[in-house]
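Please read the structure below before turning to the comments.
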Amino acid sequence: MKVAYVLNSTDVFGGATKSFTAMLYTLMDKGIEPLVVMPDGNGLKQELDAKGMATLVLNSRPNTYPYHSCLKDYLLWIPRLIARRIVNCRATRELYKHITMCDLVHTNVSVIDIGKRAADKLRIPHVYHFREYADLDFGEYYFPCRRRFLSSVSYSIFITRGIQEYNHLQSSPSSC
């Protein structure tokens with residue numbers, strides 16, 4: 001089975017990255033062929049390239065609203081929002097081209113949506129891995145709204161029951 005994994009970071013010391021690599025190596029032992037999609041060519045990319053794994057670097061941004069904490073942020077809020085949408089549309093198009101042979105797309109955090117969009121275009125399953133309370137942990141708010149984002153989730157994995165309950169997906173049969 002070929003699986004595309006979409007990451008938000010290549011920081012080898014980050015918790016999500018450590019957890020992801022442990023999962024990746026275990027699944028590879030079971031016959032999974034990964035394509036790891038990353039936002040930059042640092043850290044984890046170099047490690048995976050050294051092991052001969054298929055990787056792809058795509059510039060993408062979280063599917064959230066830009067931060068605004070000072071006057072400059074307020075003035076640039078709309079241009080930054082538009083820029084995020086453009087960058088993510090380009091990344092989705094590029095990802096679509098590279099995952100046509102994949103059977104599944106797995107996004108390692110909930111705030112990245114390029115994997116979901118590309119999977120929907122290809123009509124293949126997509127799994128969100130919820131590792132965070134986006135708004136409570138990082139002050140990130142889903143675009144255009146949390147309710148719409150959650151209604152688009154087909155399959156999901158949660159690291160805690162609390163995150164699952166917070167997102168009101170505990171009764172979903174496609175959520176664990």
Side-chain angles (χ1 to χ4, degrees), residues 4-24 36-48 55-96 105-121 126-170 172 175:
Y5 295 97
V6 181
L7 308 182
N8 71 315
S9 170
T10 58
D11 176 14
V12 291
F13 300 110
T17 306
K18 285 181 180 180
S19 176
F20 167 74
T21 54
M23 177 186 73
L24 178 66
V36 183
V37 182
M38 297 172 257
D40 59 60
N42 302 325
L44 183 62
K45 176 158 179 25
Q46 296 164 0
E47 180 183 319
L48 297 180
T55 60
L56 174 65
V57 174
L58 289 178
N59 182 20
S60 66
R61 298 288 179 268
N63 185 39
T64 57
Y65 289 99
Y67 293 112
H68 51 281
S69 60
C70 63
L71 180 61
K72 178 182 173 185
D73 290 343
Y74 280 102
L75 294 173
L76 294 174
W77 193 82
I78 289 177
R80 286 178 178 162
L81 180 63
I82 293 168
R84 279 182 183 217
R85 304 308 306 156
I86 291 169
V87 166
N88 285 349
C89 284
R90 287 181 182 157
T92 300
R93 259 187 272 124
E94 193 63 28
L95 180 59
Y96 173 84
V105 178
H106 174 277
T107 300
N108 204 40
V109 294
S110 66
V111 295
I112 303 294
D113 73 334
I114 64 171
K116 171 68 173 158
R117 291 175 183 272
D120 285 351
K121 282 184 178 184
H126 176 268
V127 177
Y128 269 113
H129 202 141
F130 284 76
R131 298 182 177 282
E132 71 287 325
Y133 297 92
D135 52 353
L136 301 178
D137 289 341
F138 305 109
E140 293 187 338
Y141 298 91
Y142 297 106
F143 178 86
C145 67
R146 186 167 163 248
R147 183 176 44 87
R148 187 160 168 201
F149 162 72
L150 291 173
S151 70
S152 75
V153 174
S154 308
Y155 301 97
S156 54
I157 300 169
F158 293 85
I159 63 167
T160 68
R161 178 64 108 194
I163 294 173
Q164 187 179 33
E165 290 170 356
Y166 180 76
N167 288 291
H168 308 292
L169 293 170
Q170 67 273 18
S172 172
S175 174

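For reference, positions follow the sequence shown, starting with 1.
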Inset, instruction - Mind checking ring-ring contact (aromatic ring centres under 6.0 Å, His included) for Tyr67 and listing every partner two or more places apart, or none if nothing turns up? - result: none

Legend entry - Those residues that, when tested against Glu132, pass salt bridge (charged side-chain N to carboxylate O under 4.0 Å, His left out) (two or more places apart): none

Legend entry - Near-ring test Tyr128/Phe149, centroid separation under 6.0 angstrom: yes

Inset, instruction - Evaluate the criterion side-chain contact (heavy atoms from CB on, under 4.5 Å) for residue pair Phe20 and His129; output intermediate values, then yes/no. - result: CA-CA 10 Å; Phe20 167 74; His129 202 141; over 6 Å; no

Legend entry - Note, Phe143 side chain near Arg84 side chain (heavy atom, < 4.5 Å): no

Legend entry - Sequence neighbours excluded - side-chain hydrogen bond (donor to acceptor under 3.5 Å, both in side chains) pairs with any residue from residues 8-17: Thr10-Asp40

Legend entry - Pro144 vs Tyr65 side-chain heavy atoms within contact, under 4.5 Å: yes

Legend entry - CZ (Arg90) with more than 12 external heavy atoms under 6.0 Å: no

Legend entry - Glu47 side chain reached by Leu44 side chain, heavy atoms, under 4.5 Å: yes

Inset, instruction - Sequence neighbours left out, what passes salt bridge (charged side-chain N to carboxylate O under 4.0 Å, His left out) with Arg117? Give chain and number order. - result: Asp113

Inset, instruction - Can you run down the salt bridge (charged side-chain N to carboxylate O under 4.0 Å, His left out) pairs that involve residues 137-160, sequence neighbours left out, and say none if there aren't any? - result: none

Legend entry - Donor-acceptor side-chain pairing of Asn88 and Arg93 below 3.5 angstrom: no

Anything under 3.5 Å between a donor and an acceptor, one on a side chain of residues 73-81, the other on a protein residue two or more places apart or in another chain? List them.
unit_1 : atom_1 : unit_2 : atom_2 : d
Asp73  : OD1    : Arg80  : NH1    : 2.8
Asp73  : OD2    : Ser69  : N      : 3.1
Asp73  : OD2    : Ser69  : OG     : 3.1
Trp77  : NE1    : Pro66  : O      : 3.2

Inset, instruction - Fit a plane to each ring of Tyr166 and Tyr133, take the angle between them on a 0 to 90° scale, and name the class: parallel (under 30°), tilted (30 to 60°) or perpendicular (over 60°). - result: perpendicular

